[in-house]
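Everything below concerns the one structure shown next.
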There are 2 protein chains.
Amino acid sequence: MSEQDANDKSEHTSATIYEVARRAGVGIATVSRALRGTGSVRPATRERILEAARELNFIPSRLGVSLAEGRHAANGIVFPSLTGPYFGEVLLGYEEAAAELKRSVIVVAADGLDSAQDHIRDLAGRVDGMVIYGSTAESEVVAELIAERKPTVLLSPRVLVDGPDVITAENTRSAGELAEHLLAHGHRTFTFLGGPTGGRDIDERWAALVDTLAKAGAAAPRPVPLSGYGRAEVYAAARAVLAQDPPDVLVCSHDEVALAALRVARELGLRVPDDIAVTGWDDVMAAEHSWPPLTTVRQPMRRMGEMAARALDELITGTRTGPLRQVLPTEVIIRESCAHHP
Amino acid sequence: MSEQDANDKSEHTSATIYEVARRAGVGIATVSRALRGTGSVRPATRERILEAARELNFIPSRLGVSLAEGRHAANGIVFPSLTGPYFGEVLLGYEEAAAELKRSVIVVAADGLDSAQDHIRDLAGRVDGMVIYGSTAESEVVAELIAERKPTVLLSPRVLVDGPDVITAENTRSAGELAEHLLAHGHRTFTFLGGPTGGRDIDERWAALVDTLAKAGAAAPRPVPLSGYGRAEVYAAARAVLAQDPPDVLVCSHDEVALAALRVARELGLRVPDDIAVTGWDDVMAAEHSWPPLTTVRQPMRRMGEMAARALDELITGTRTGPLRQVLPTEVIIRESCAHHP
DNA sequence: TTGTAGGCGTTATCAG
DNA sequence: CTGATAACGCCTACAA
């Protein structure tokens, strides 16, 4: 052992199966069998091998294993961006489930990168399957992935495409429920402060709002698009809406927007909810701690990540055949920003 | 081409370099050279090769490339957990910088896993280097990594070990500055509501607080440890502190704790900051939107991730020799929770 | 029970 | 300029 140690000092890379084999005085096949418990090995031999492996601090090269096994044992996930309080929760659920399924998680943030498509392609080469979150879905790369039958699941995609697995959160029912609650408070004029291009989620919420108001005989809501989610854009839009002729309710597409609106309202001297009600969507942490606490719709972010990991695993292992189309339930969270609740 | 297409239909895996070579009527070496631009190839030949590659939709296998190159072109990052608003920002900075450096990012959340150590080992086998965030640093696996000279950088470790690169955020100066600001408001009795076991960051903040108060001739702060960061623990601790004989100021180890304290204060009918001042640490999004807005210390989370990625790259490429010991500046953010500022 | 040898997909060296 | 061919590290029939 001391003799070996002398050689160890300059080694930066782990021992190979060959060295273990030589040291244990056996062939590499036997080492492989002994270490991974496949095929039988005489106890004495096994002992020697384990010993040798331990002494050499042998860890099988992932590359070698993957190459031989023909799989990566890794999942990818593509986010449009990593900003905001969202994706963290999603990733959390995804990573947890993936770990449970013995798979590593490689993450890429596609936004802002000119080379985003290349990054996604690169990712594809490192994993057995991947999930694509949100707007990245239109990309031609995703089409490629699907075309070449790379296991792929779409998480909350902006447009619903046919073929790949899709996991989304419910919008219509909860938006309707939210609208009804607001109507019940006696609110009559609605403004919807929403996302830039819309996208499926926001479209669905908008549609449900329009629908519910129409059914109740209330005036149609006023749509106010957002030119972006940057701090400046959001504040400017909120200010524009609130500065003159504010509605009874400002329904926002996201909590971040609603929180900005809350601030603007305060700056303008508008009391929430007395002068104007405000609602968000997502139930991020700040929504609970804001003043007033924000009425919103909770999305099961963590669960979305988890479901995505499981769906992907089914795809990879071939456990399931038909495409998945899962809609996770959301929950309307009533707080003080929509009205005083005695 | 039509002939080829007929064979394509059942293929799930990308073409190999051999197929490209055969199709272009050349050897694989030439294909490799042509595609990666190393060594020269006659223009006409190159054309044929590119054409063949495109037709076959050839993408070099990452596994093959990595095996041959002897590198993964990937970075790992280990978080204790993925919960909270923190790590998202850190990961964001890390991923961005890594992408810029042409490296993928594999993430693992070690907390809660019995097999965490194995996961980290597995991760180590997939990357050229890794960064370990926070408390995971004591783990024996980290010692292994360092012993076997795996490029490793410690991000905000709970204890400062010698040898590997370490990146932290400044605590002492900013905690002192915060304490002075509070003293200037006339606050005299301080309670520090802090983390479970402490850890370096919290220890440093505590020490600086003690120090500053001592210098000012004020009474020593009262330490109140937290049994954990769960919602219940934090609320219970906050309630215990505020219910009887509340101090002038409640200095909290994290924004989450401070936000909980804010709620408890309101429930107890204590006005912030009139009856009691509250401060946090981190400047998460909710801190800005809470009521009253939270006085806190902003940590450069995103930048920490970015620096980690760059430090790791230097380690991997051997650009730098000596160990890195970087302390990133923080910023005291004064809002309303510590006093009314006219 | 054990060892030999082929294969996985590249890169890079070294003769042509 | 090109093409064999040897690594790279492991897994797994197939033989013995």
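Chain identifiers are assigned alphabetically (A, B, ...) following the order of the sequence lines, protein sequences preceding nucleic acid strands; residue numbering begins at 1 within each chain.
The pair A:Glu306-A:Arg310 meets the salt-bridge criterion, with a side-chain N (NZ, NE, NH1 or NH2) lying under 4.0 Å from an Asp/Glu carboxylate O. Note on B:Glu148 versus B:Lys150: no salt bridge recorded, every NZ/NE/NH1/NH2 to OD/OE distance being 4.0 Å or above.
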Let me have a per-nucleotide readout for nucleotides 10-16 of chain D, 5' to 3', with B, S or -, counting only protein heavy atoms under 4.0 Å.
-> BBB----
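A donor-acceptor pair shorter than 3.5 Å can be found between the side chains of B:Asp201 and B:Ser156. Side-chain contact annotation: B:Thr319 with B:Asp313, donor-acceptor N/O pair under 3.5 Å absent.
A residue-by-residue look at B:Leu67 and B:Val41 shows that B:Val41 has its nearest nucleotide of DNA chain D further toward the 5' end.
No donor-acceptor pair closer than 3.5 Å links the side chain of A:Glu314 to the backbone N or O of A:Arg320. Counting only distance, with no hydrogens or angles, the side chain of A:His72 and the backbone of A:Arg126 share a donor-acceptor pair below 3.5 Å.
Boundaries of the chain B contact region on DNA chain C are C:dG9 to C:dT13, first to last in 5' to 3' order (nucleotide atom under 4.0 Å from a heavy atom).
Residue-level contact check: A:Gly125 touches neither bases nor backbone, having no heavy atom under 4.0 Å from any strand. Within the nucleic acid shown, A:Ser66 has no heavy atom closer than 4.0 Å to any nucleic acid atom.
Taking atom CG on A:Leu35 and atom P on D:dG9, their separation rounds to 16 Å, with Å as the unit. Remark: P of D:dG9 and CZ of B:Arg126 are 17 Å apart, rounded to the nearest angstrom.
Screening residues 40-52 of chain B for salt bridge (Lys or Arg N to Asp or Glu O under 4.0 Å), with sequence neighbours left out, gives B:Glu51-B:Arg54.
Contact between B:Ala110 and B:Val78 at its shortest, heavy atoms only, is CB-CG1, 4.0 Å.
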